[in-house]
Amino acid sequence: MTIDTATEVFEEHRPVLMGVAYRMLGRVADAEDVVQEAWLRWSGADRTEVREPRAYLVRIATRLAVDRLRQVQSRNEAYVGPWLPEPYVTDFGDTAPDTAERAVLADSVSLAVLVVLESLSPLERAVFVLREAFGYPYADIAAVLDRGEPAVRQLAGRARKHVEERRPRYEVDPAERRDLTERFLAAAAGGGLEGLMSLLAPDVRLIGDSGGLSKAPLRVIETADKVGRFLHAVAQQGVSDLSYRFLELNGGAALLVLSGDKPDSIVQLDVVDGRIQCVYIVRNPEKLVSLGNQ
């Protein structure tokens, strides 16, 4: 295999490697570092011995991600305020040929699920991602992690039970989510508290992530009255030079708020029965860097 061919093979599988690494780490920069390290190992390997490049590369990326996750888990312990994953522009391209598979991939990269995955051990998270998001057989996962298949099945069972117990039951309807996001923006920009409140579920939650680097709530805000009044107060501040752009982030419609030409925040909604169940606001500037060119 020539250098040019090796590059082509790696680039063909880059989206899958990035997908695995991001779901493992919840951080775009860390995922990109893992993919780059996987490339270095691939380019320096004896590729004549590699019969299945995709399996080989996924094994490298997963092991690197497990090692990195073990190193960075202490970050969240010292994090100021609530933690949310770094927003990730999703375009599944040819990796999801049908609607059902796209729905699975979108759910597995959603903010709600990634928050739950943070509470898994690195090995549990690796097994869950490979099995639930990418449909890998247990035998293949065992080979990736250098574990026995019975141990992998046990890890998978624990991880699935943990996630199912904690994952919110949100609907993933792209059209409805986009429509409600547009109505949310109109209500907030219009400054009417009543219109805003009509969109919120009674037990709605607002989670703001600033990392202590910008203004955002340091605790989760709960109930329609408190969330509505908070959002109304923010809208009334009338910050100048703001603009808005819709993006697909983490498998769903999201609102990119710009101050001048710089990303100020990301707003994304989770929806149940046509009402907003959760509002995510990411204002940590370090998590918005990758959105500067969107």
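Source: prediction; values computed, not measured.
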Start with the C-alpha gap between Asp30 and Tyr22, add the side-chain angles, then the distance that decides, and say whether side chain to side chain contact (heavy atoms under 4.5 Å, CB included) holds.
CA-CA 8 Å; Asp30 286 343; Tyr22 175 75; over 6 Å; no
With rounding to the nearest 0.5 Å, note down the distance linking OG1 in Thr181 to CD in Glu176.
10.0 Å
Non-hydrogen atoms of Glu118 and Leu25 that approach each other most closely
OE2-O, 4.0 Å
Please check if atom CD in Glu222 has more than 12 non-hydrogen atoms from other residues, nucleotides or ligands closer than 6.0 Å.
yes
Going by side-chain hydrogen bond (donor to acceptor under 3.5 Å, both in side chains), Glu165 matches just one of Arg167, His162, Lys161. Which one?
Lys161
What is the distance from atom CG of Asp270 to atom CD1 of Ile276, rounded to the nearest 0.5 Å?
10.0 Å
Any side-chain heavy atom of Gln277 within less than 4.5 Å of one from Val271?
no
If the threshold is 4.0 Å, N to carboxylate O, is there a salt bridge linking Glu37 and Arg68?
no
Tell me, with the steps shown, if Leu120 and Val163 meet side chain to side chain contact (heavy atoms under 4.5 Å, CB included).
CA-CA 9 Å; Leu120 299 179; Val163 172; 4.2 Å; yes
Check: His232 and Leu193 side chains under 4.5 Å, non-hydrogen atoms
yes
Hey, mind stepping through Glu124 and Arg158 against salt bridge (charged side-chain N to carboxylate O under 4.0 Å, His left out) and telling me if it holds?
CA-CA 8 Å; Glu124 287 173 340; Arg158 285 206 305 266; 3.1 Å; yes
Inspect the surroundings of CD in Glu164 and state if more than 12 heavy atoms from other residues, nucleotides or ligands are less than 6.0 Å away.
yes
Of all heavy-atom pairs between Val34 and Leu64, which one has the smallest distance, and what is that distance?
O-CD1, 3.7 Å
So, is the end of the Arg131 side chain (NZ or CZ) under 6.0 Å from the ring centre of Tyr138 and within 45° of the ring's axis?
yes
So Asp140 and Val144, do their side chains get closer than 4.5 Å, heavy atoms only?
no
Sidechain-backbone polar pair: Ser110 side chain, Val113 backbone, donor-acceptor under 3.5 Å:
yes
For a 4.5 angstrom cut-off between non-hydrogen side-chain atoms, does Leu123 reach Leu145?
yes
Shortest non-hydrogen contact from Pro122 toward Arg70
CG-CG, 3.6 Å
Is the number of heavy atoms from other residues, nucleotides or ligands within 6.0 Å of CZ (Arg229) greater than 12?
no
From Leu213 atom CG to Asn284 atom CG, the distance as rounded to the nearest 0.5 Å:
5.0 Å
Nearest non-hydrogen partners of Leu199 and Ala187, listed with the distance:
CD1-CB, 4.2 Å
Does any part of the side chain of Asp264, heavy atoms only, come nearer than 4.5 Å to the side chain of Leu256, both counted from C-beta?
no
Please determine if Asp67 and Arg63 form a salt bridge, counting it only when a charged side-chain N lies under 4.0 Å from a carboxylate O.
no
Intermediate values then yes/no, side chain to side chain contact (heavy atoms under 4.5 Å, CB included), Ile266 and Tyr280:
CA-CA 8 Å; Ile266 283 292; Tyr280 302 102; over 6 Å; no
Do Val267 and Leu242 belong together in a cluster built from hydrophobic side chains that touch within less than 4.5 Å?
yes
I'd like to know if the side chain of Arg166 reaches the main chain of Ser119, judged simply by a donor and an acceptor atom lying under 3.5 Å from each other, with no hydrogens or angles considered.
no
Please check if the side chain of Trp42 supplies one atom and the backbone of Leu57 the other of a donor-acceptor pair under 3.5 Å.
no
Please step through salt bridge (charged side-chain N to carboxylate O under 4.0 Å, His left out) for the pair Glu12 and Arg54, ending with a clear verdict.
CA-CA 9 Å; Glu12 177 186 350; Arg54 178 185 173 111; over 6 Å; no
For the backbone of Val279 and the side chain of Gln268, can you confirm whether one donor and one acceptor N or O come within less than 3.5 Å of each other?
no
Answer yes or no on whether Arg160 is positioned over the face of Phe128, meaning its NZ or CZ is under 6.0 Å from the six-membered ring centre and within 45° of the axis.
no
So Pro87 and Lys287, do their side chains get closer than 4.5 Å, heavy atoms only?
yes
Does Leu291 reach the side chain of Leu249, with side-chain heavy atoms less than 4.5 Å apart?
yes
To the nearest 0.5 Å, what is the distance between CG on Leu69 and CG on Leu117?
10.0 Å
Specify the closest pair of heavy atoms between Ser214 and Pro285, including all atoms of both residues, with the distance to one decimal.
OG-CD, 4.3 Å
With a 3.5 Å distance limit and no angle check, can you tell me whether Arg147 reaches the backbone of Ala142 through a side-chain donor-acceptor pair?
no
Separation between OG (Ser121) and CG (Leu155), nearest 0.5 Å, reads 6.5 Å
Output yes when a side-chain donor or acceptor of Arg23 lies under 3.5 Å from a complementary backbone atom of Gly19, and no otherwise.
yes
How far apart are the C-alpha atoms of Ile207 and Ile281, what are their side-chain angles, what is the distance that settles it, and do they pass the side chain to side chain contact (heavy atoms under 4.5 Å, CB included) test?
CA-CA 6 Å; Ile207 305 173; Ile281 301 177; over 6 Å; no
What's the shortest heavy-atom distance between Val72 and Arg27, and which atoms?
CG2-NH1, 3.9 Å
One should read off an interatomic distance between Asp209 CG and Glu86 CD, to the nearest 0.5 angstrom, of 10.0 Å
Can you tell me if Tyr88 uses its side chain to pair, donor with acceptor, with the backbone of Gly251 under 3.5 Å?
no
Could you check whether any side-chain heavy atom of Lys215 comes within less than 4.5 Å of a side-chain heavy atom of Ser210, counting everything from C-beta outward?
no
Take atom CD of Glu194 as the centre, draw a 6.0 Å sphere, and report whether it contains more than 12 heavy atoms from other residues, nucleotides or ligands.
no
